[in-house]
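Working notes, beginning with the structure itself.
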Amino acid sequence: DTSFLFSVADREQKIVWDSEPARAGRKLALNVSEDLEERDGTFSLSRQVVADDTCLKCHNVKKNETIGFVTLRKSTIDRDARLATNRWRQVWTALALLFVLGVVGSVLVRFVLILPLRRISATVKAVAAGDLAVEPVECKGGDEVGDLAQAFNAMLASLRELVEQV
């Protein structure tokens, strides 16, 4: 909703005209020191109307005397609803992103850690069963798993040398 509501009040802050006719005759609750305020789901911008030379011709007032108030109002309910909708959209987007990151992370862990460790484990079991003719473990990475594979391959080579010597 893009409509604004408009009020005109006299110097006692009694509404003499309003874009919502039911408000006419009510008293404004203005804090003149605060021009812009948000209260009860509405932004209000209020200004004093001060008499200048042109006002003195029609009104029985002194120059620079407050002769009334003008208030412009805008409901914040639609804005608040849009903000709430956007907040939920952001929450769901963040959750979806976290889910995707979790899936990608688990796939990376599987390929970087679990599969190489399973290959090492299978080779260790074969050597433990007495098969020294197994192929050395493939060591691609320079991480801890790669270090483990290299250490195992060195141990396998040492075992083969010992068996050949005996």
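A donor-acceptor contact shorter than 3.5 Å is absent between the side chain of Arg119 and the backbone of Glu138. Distance alone, capped at 3.5 Å, places no donor-acceptor pair between the Glu164 side chain and the Glu161 backbone. Asn153 places a side-chain N or O within 3.5 Å of a backbone atom of Val137 that can act as its donor or acceptor partner.
By the side chain to side chain donor-acceptor pair (under 3.5 Å) test, Asp53 pairs with Lys63, sequence neighbours left out. Scored by the side chain to side chain contact (heavy atoms under 4.5 Å, CB included) test, Thr76 finds Glu38, Phe43, Arg79, Asp80 as partners (sequence neighbours excluded). With sequence neighbours excluded, the residues satisfying side chain to side chain donor-acceptor pair (under 3.5 Å) with Arg89 are Asn86. Take Phe111 and apply the side chain to side chain contact (heavy atoms under 4.5 Å, CB included) test, not counting sequence neighbours, and it matches Val107, Leu115. Taking Asn60 as the reference, nothing meets the side chain to side chain donor-acceptor pair (under 3.5 Å) condition, with sequence neighbours excluded. Applying the side chain to side chain donor-acceptor pair (under 3.5 Å) test to Gln150 and every residue at least two apart in sequence or in another chain returns nothing.
No continuous path of hydrophobic side-chain contacts links Val70 to Val50 [ILVMFWY only; heavy atoms under 4.5 Å]. Follow the hydrophobic side-chain contacts under 4.5 Å out from Val112 and you never reach Phe152; the two are in separate clusters. Under a hydrophobic clustering in which Ile, Leu, Val, Met, Phe, Trp and Tyr are joined whenever their side-chain heavy atoms come within less than 4.5 Å, directly or via other members, Val103 and Leu95 fall into different clusters. Val109 and Leu101 end up in different hydrophobic clusters when Ile, Leu, Val, Met, Phe, Trp and Tyr side chains are linked at under 4.5 Å.
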- Under the side chain to side chain contact (heavy atoms under 4.5 Å, CB included) criterion, do Leu156 and Val127 qualify, and how do the steps go? CA-CA 8 Å; Leu156 181 60; Val127 171; 3.6 Å; yes
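Separating the NZ atom in Lys14 from the OG atom in Ser7 is a distance of 14.0 Å, to the nearest 0.5 Å.
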